[in-house]
There are 2 protein chains.
Amino acid sequence: METVLGGCLPSAEIAPQRLHDAMRYAVLGGGKRVRPLLAFAAGEVAGADINRVQTVAASVELIHVYSLVHDDMPCMDDDKLRRGKPTCHVEYNEPTALLVGDSLQSLAFQLIAESGLADDPLVQLKMIKLLAMASGSRGMAGGQAFDLDSVGKMLTLSELEFMHIHKTGALIRAAVMLGANCGNGMDEAALEKIEHFAKCIGLAFQVVDDILDAESSTATLGKTAGKDAKQNKPTYVSLMGVEKARAFADELHRDAMASLNIFGDKAKRLRELGDFIVLRKF
Amino acid sequence: METVLGGCLPSAEIAPQRLHDAMRYAVLGGGKRVRPLLAFAAGEVAGADINRVQTVAASVELIHVYSLVHDDMPCMDDDKLRRGKPTCHVEYNEPTALLVGDSLQSLAFQLIAESGLADDPLVQLKMIKLLAMASGSRGMAGGQAFDLDSVGKMLTLSELEFMHIHKTGALIRAAVMLGANCGNGMDEAALEKIEHFAKCIGLAFQVVDDILDAESSTATLGKTAGKDAKQNKPTYVSLMGVEKARAFADELHRDAMASLNIFGDKAKRLRELGDFIVLRKF
């Protein structure tokens, strides 16, 4: 994935050099790459060509990184550390970070419009729409806006779930569905099953994030820990307590795994990723 | 165009309401709509279906507005007035403005991925790539980055041209080419002619912008006038003086018009727009 992303990003030798350098800084050399891994694993279930999958995987990761760069900016979370390095606006400056995020989003759509990602170009147009909807105001960015509006408020569990289904869940679901759509091996029923897996694991990802933020150290996470409580943000931990949040993550994990049964051995990697997402320590 | 844009944007009744309200505020009720008009006029030359053209026109305008919202933010131009109204971050707040820009970009790609914008879906994929490249680090956002780096510096004329070909020219060219690609009536030679028109008129647009910024009042422009000199930005006026800048705009105008000769009466509106861009007073 690192090699693919490095090849997709403009070289830092090309003008505007400083912007390209900052884009490479933000994207390369860090991150768990959970979304690309999910796309690869879903592509494997669908028997997809790996060259196709790596393009959609890169595309989803670029959207993810653009959102991190913008979220870290002073007017949002004002964070200094990301993936164990100074955040983009700290290493460069604010206007550059703004343009890095903007340019990474454009690049994501440029990549996924490369011809030949699906046998039927109409399927590919659907994939582009899927990524755009997952990224925009009714997906990731919308979840972020809901998050901003909820700081200092008491949310109900269902409001918190609405927020996370958008903020984190939408792009995780997109990663899985784009990987799956690179192949031809899936009928509607199979696509529904894999989508259910994606929804459960997307929410579990956030529940575990909340637990880790409350329990881990900054050194382990590679980003500032304890941020949620400090910012008085509603989380699964603040609403349910750590124990119940952990039980909820386990329940989502079981539900996710059950929906993979019909795929047998082909879903081996997807299961491993489901385990990783729930059991990870960072 | 106003109706089309209003229909493309999510209703302010839909969650997250505040974000959707801010997106509508930024996009609707103002602006010259030069890029949509260029797309419509180019579509007319190509004999394109108006329903197709209005979608690509909206898509280009959404990209343009997202760039205005982000450029006006405190970390960029820190502008308070746009299209005669308070800028988005003044009317709402900074994080909302950031997410408005991000969401408008996603929405632009969502729209242009709607099936049926070209007879051949492969042409449509090419159109999406064209818009993405025009928007990103080697197009509009790249021009913006070059602009940031050039504040307080002395640029050569060719550096200034490089900047504007990216910052303003890329999206104007995209508007024309996307409109033209909605039809089937153009061979390679015709597409080259219309592209030459777009390049000349895109640069003329910026030269005239520089002249207006130096000579007009804030009330006439609907945005802050005299900003370039105050920020010590290199412009065609600062490099050539007003008289030579005006002569250069006229030369680009003649060059643009000449490349439309082969289209006869079909290019009537495109000629009118070429005239408007060079002769406008706001």
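Chain letters run A, B, ... following the sequence lines, proteins first and then strands; every chain starts at 1. Please read all numbers here as calculations on a predicted model, not as lab measurements.
- For the residue pair B/Cys75 and A/Pro95, the shortest heavy atom distance occurs at O-CG, 3.2 Å.
- Between chain B and the options A/Met127, A/Lys129, A/Gln105, the largest number of non-hydrogen pairs under 4.5 Å is found for A/Gln105.
- Within a 6.0 Å radius of CE in A/Met133, other residues, nucleotides and ligands contribute 12 heavy atoms or fewer.
- In this structure, no portion of B/Gln17 lies under 4.5 Å from any heavy atom of chain A.
- For the pair B/Ser137 and A/Leu19, the tightest heavy-atom approach, listed with the atom from each and the gap, is CB-CD2, 3.8 Å.
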* Yes or no on side chain to side chain contact (heavy atoms under 4.5 Å, CB included) for B/His70 and A/His70, after CA distance, side-chain angles and deciding distance? -> CA-CA 11 Å; B/His70 281 182; A/His70 281 182; 4.1 Å; yes

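- For the atom pair A/Ile128 CD1 and B/Ile128 CD1, the distance stands at 3.5 Å (nearest 0.5 Å).
- Checked options B/Leu125, B/Leu117, B/Ile112; the residue passing with A/Leu125 is B/Leu125 (criterion: side chain to side chain contact (heavy atoms under 4.5 Å, CB included)).
- A 4.5 Å side-chain heavy-atom check between A/Gln124 and B/Gln124 finds every atom pair outside the cut-off.
- For B/Ile14, the part lying near chain A is the side chain, with the backbone staying farther off; criterion is any non-hydrogen pair under 4.5 Å.
- Only the side chain of B/His20 comes within contact range of chain A, judged by heavy atoms closer than 4.5 Å.
- Using a 4.5 Å heavy-atom threshold, the side chains of B/Leu98 and A/Leu98 count as touching.
- Within the 4.5 angstrom heavy-atom criterion, no atom of B/Met140 approaches chain A.
- The choice from A/Gly116, A/Ser103, A/Pro74 that makes the most heavy-atom pairs within less than 4.5 Å of chain B is A/Ser103.
- Between A/Leu99 and B/Met76 the shortest side-chain heavy-atom distance falls below 4.5 Å.
- The aromatic rings of A/Phe109 and B/Phe109 lie parallel to each other, their planes meeting at an angle below 30°, with 60° marking the opposite boundary.
- Each of A/Pro121, A/Ala15, A/Gly139, A/Gly136 has some count of heavy-atom pairs under 4.5 Å with chain B, and the biggest count is that of A/Pro121.
- Only the side chain of A/Met73 comes within contact range of chain B, judged by heavy atoms closer than 4.5 Å.
- With a 4.5 angstrom heavy-atom cutoff, B/Asp102 touches chain A via backbone and side-chain atoms both.
- Rounding to the nearest 0.5 Å places CD of B/Glu114 at 12.0 Å from NZ of A/Lys126.
- Around CZ of B/Arg138, the count of heavy atoms belonging to other residues, nucleotides or ligands within 6.0 Å does not exceed 12.
- Interface remark: A/Met163 contributes no atoms to any contact with chain B (heavy atom separation under 4.5 Å).
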